[in-house]
There are 2 protein chains.
Amino acid sequence: MTRPAGDDRAPAPTLVEVARAAGVSRATASRAVNGGDRVSPEALQAVRAAVRELGYRPNRAARALATRRTDSIAVVIPESDSRLFTDPFFATVLHGVTTALASTDLQIVLLIGHKGEQSARMLDYLRDGHTDGAIVVSHHRMDNVAEVLADSPMPSVFIGRPWDPAKTPVTWVDVDNFTGGVLAVEHLVARGARRLGTVAGPQDMGASVDRLAGWRAGAEAAGLATDAVVHADYTVAGATRATEELFAAHPDVDGLFVASDLMASAALRVLETLGRRVPDDVRLVGFDNMELATSLRPALTTLVNPAAEMARHAVEMLLSQFGSSGGTEPDLLATELVVRESS
Amino acid sequence: MTRPAGDDRAPAPTLVEVARAAGVSRATASRAVNGGDRVSPEALQAVRAAVRELGYRPNRAARALATRRTDSIAVVIPESDSRLFTDPFFATVLHGVTTALASTDLQIVLLIGHKGEQSARMLDYLRDGHTDGAIVVSHHRMDNVAEVLADSPMPSVFIGRPWDPAKTPVTWVDVDNFTGGVLAVEHLVARGARRLGTVAGPQDMGASVDRLAGWRAGAEAAGLATDAVVHADYTVAGATRATEELFAAHPDVDGLFVASDLMASAALRVLETLGRRVPDDVRLVGFDNMELATSLRPALTTLVNPAAEMARHAVEMLLSQFGSSGGTEPDLLATELVVRESS
DNA sequence: TTGTAGGCGTTATCAA
DNA sequence: TTGATAACGCCTACAA
């Protein structure tokens with residue numbers, strides 16, 4: 001395929017040409033293009049006509065150089081390959097962010113990278129301030145993202161609380177993971193469970209820690225043991241292994257809380273293989289309430305993780321920081337139990 | 001949270017300061033920073049030391065303004081809300097693109113938008129050439145993306161062939177959807193199916209059309225009827241409705257080809273509700289071979305959609321266009337049947 | 001190999 | 001309200 005003929009199209013028109021066509025100065029043309037403040041009605045109209053006529057569009061790079069703003073924000077996902085896109089949670093968040101940003105003319109720069117060089121590049125990019133703000137989606141204890149952003153003048157919002165809010169004072173929005181854990185236990189117990197177990201998430205993430213803490217608190221409040229705990233990494237493979245381990249060590253577990261729907265789907269398969277009926281032998285509760293939960297058999301009882309709503313909040317919080325130099329208060333959203341067939 | 005004290009950090013160092021610190025001119029410093037061509041070893045070393053010393057990092061906006069390149073590429077997903085992120089296909093592609101781009105210092109600008117204003121902004125952004133290239137992931141007949149890119153000097157690659165390659169001569173990489181449809185039918189027939197049906201994808205996408213055409217060709221070759229066709233939009237809800245319709249109209253279907261794994265998961269539930277056993281009463285084949293296929297019960301027979309590989313190819317094809325002014329030949333990847341429990 | 005000088009397209013300052 | 005004029009930070013002939 002060759003380049004189509006006539007490809008040497010005229011170079012994009014610049015502001016000088018607009019100014020000339022409109023019979024005004026560059027400065028006036030610039031003002032007219034940017035909202036038209038301090039511009040006479042006639043000049044404004046002339047410039048607008050010229051813009052339309054010439055098909056003028058501002059050059060982003062030049063504008064960025066002059067204003068020191070880029071009209072873009074970074075969406076940061078410091079997540080490992082295996083998990084990143086198998087878990088519908090990210091997708092939902094990403095979608096929420098783009099939707100919330102749709103009315104702005106902010107572009108999304110996607111920054112992905114967990115380890116090594118990829119992660120280093122990501123952090124450099126953030127440090128260099130190449131974007132006007134950042135939204136961080138899946139933050140881990142050691143990823144350094146919180147440190148970099150806390151130390152940067154760039155506005156940022158975390159979806160999911162930072163690992164150590166005291167050391168890294170960044171703004172965040174999160175779901176009430178702790179209460180989610182408590183609710184799960186209360187429900188399991190109400191359904192007759194007497195021996196609780198949990199497949200917890202990786203303990204280098206705030207969400208995982210909080211969900212496990214909630215489960216523990218709930219179990220203790222019910223006077224039940226809290227020793228049947230295994231950990232996995234939010235992947236199907238990891239959860240499969242962990243669930244097998246759990247039931248090998250504690251075959252009497254009859255109430256299971258799994259820290260994500262995706263992992264719960266894996267647990268379900270393991271239980272099936274083991275010949276345990278759900279919910280008759282083992283009552284099962286997940287976390288996230290993604291579409292997946294409804295398509296499992298039996299359909300999954302789970303806790304709502306309002307990913308889209310968190311994304312919306314995050315964008316709002318970020319935008320509100322653009323005007324003022326101050327930060328924003330963190331925001332903790334409520335969760336809710338959705339009862340289906342698995343419990 | 002107030003702005004931490006001492007926030008008035010020194011402004012980022014510029015090339016002039018590097019040059020001064022290194023005792024060379026701006027021009028030499030620039031050359032040294034960009035590969036060090038035509039720079040004496042001593043000068044190079046001096047500049048490098050100064051860079052490290054000052055923590056210099058080039059300003060992207062300034063560089064973009066001077067070079068007319070942005071060191072970023074657009075990933076374009078002109079897809080509707082309902083589908084975008086429920087289908088793991090996108091996630092896999094996106095992940096593949098980011099991985100393939102990891103060794104470059106190209107940033108990914110994510111462009112999402114299906115209809116109305118969002119779509120218009122997206123097209124404007126592309127037209128304005130704000131990125132060095134574009135990769136388009138889910139192209140529909142009427143989204144205008146192919147037209148805009150075919151008419152633009154910006155290099156681009158489609159993942160999934162454009163709707164009308166003749167009218168919009170853009171480069172693409174795709175899986176052999178047609179052969180996939182044929183293989184599905186041959187397999188279903190070999191398993192004993194005598195009455196074929198299909199849940200096809202939306203007919204404004206190349207992939208859907210090709211899969212359906214393959215199914216048809218295969219059925220005709222086997223001397224079987226091709227009237228049991230319903231259409232859906234690659235969502236669970238749509239596929240559920242469509243499958244119900246299909247079996248209401250053609251209750252005798254005993255071999256079903258569904259155009260995506262996600263939709264096949266919906267079909268599976270419908271069949272279960274209808275009391276049809278899979279594969280005993282109805283043999284089922286999906287398309288994509290995403291992780292989902294293995295977690296369904298029964299596990300899904302399906303066709304490989306090499307999303308990650310397509311992403312890698314797309315990036316390679318795009319990068320190869322950066323050097324030369326010529327385009328790249330389209331690329332059609334083979335698919336393969338993966339037999340599991342559902343057939 | 002080096003430095004000088006001009007330009008990339010916009011915005012911001014400051015008189016007029 | 002307007003228009004010179006000077007940044008913004010970098011790259012790149014061109015001449016030395």
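Order of the sequence lines sets the chain letters (A, B, ...), proteins ahead of strands, with each chain counted from 1. Since this is a predicted model, take the numbers as computed values, not measurements.
- Atoms CZ (A/Arg20) and C1' (C/dG9) sit 14 Å apart, rounded to a whole Å.
- Across all strands, A/Arg38 comes closer than 4.0 Å to base atoms (heavy-atom distances).
- Rounded to whole Å, the distance from CZ on B/Arg31 to P on C/dT1 is 10 Å.
- Atom P of nucleotide C/dT10 and atom CZ of A/Arg69 are separated by 15 Å, given to the nearest angstrom.
- Note on A/Arg31 versus A/Asp37: no salt bridge recorded, every NZ/NE/NH1/NH2 to OD/OE distance being 4.0 Å or above.
- A salt bridge does not link A/Arg161 with A/Asp174: every distance from a Lys NZ or Arg NE/NH1/NH2 to an Asp or Glu carboxylate oxygen is 4.0 Å or more.
- Atom P of nucleotide D/dA7 and atom CG of B/Asn59 are separated by 17 Å, given to the nearest angstrom.
- No engagement by A/Ala61 is indicated, since no non-hydrogen atom pair under 4.0 Å with the nucleic acid exists.
- Mapping B/Ala66 and B/Pro41 onto DNA chain C by nearest heavy atom places B/Pro41 closer to the 5' end of the strand.
- The phosphate of D/dC11 has neither OP1 nor OP2 within less than 4.0 Å of any side-chain N or O from B/Thr67.
- Nucleic acid contact class of A/Ala64 (heavy atoms, under 4.0 Å, all strands): none.
- A straight line from CG of B/Asp37 to P of C/dT1 spans 9 Å, rounded to a whole angstrom.
- Counting any heavy atom pair closer than 4.0 Å across all strands shown, B/Leu15 reaches sugar-phosphate atoms only and no base atom.
- As judged by a 4.0 angstrom heavy-atom cut-off over every strand, A/Arg26 is placed among the base-contacting residues.
- Ring orientation note: the planes of B/His130 and B/Tyr125 are tilted relative to one another, at an angle of 30° to 60°.
- Summarising the local packing, CZ of B/Arg141 is surrounded by 12 or fewer heavy atoms from other residues, nucleotides or ligands at distances under 6.0 Å.
- Of the two residues near DNA chain C, B/Ser25 and A/Pro13, the one whose nearest nucleotide lies more 5' is B/Ser25.
- Closest approach to the A/Ser40 side chain among D/dT1, C/dG9, D/dG9 is made by D/dT1 (side chain taken as heavy atoms from C-beta onward).
- Counting to the nearest Å, the C1' atom of C/dT1 and the CG atom of B/Asn34 are 16 Å from each other.
- If you take CG of B/Leu65 and C1' of D/dT12, they are 13 Å apart, rounded to a whole angstrom.
- Under the 4.0 Å criterion applied to side-chain N and carboxylate O atoms, B/Asp124 and B/Arg121 are not assigned as salt-bridge partners.
- Contact annotation for B/Ser30: base contact, defined as any heavy-atom pair under 4.0 Å involving a base atom.
- Rounded to whole angstrom, the span from the CZ atom of A/Arg68 across to the C1' atom of C/dT13 amounts to 15 Å.
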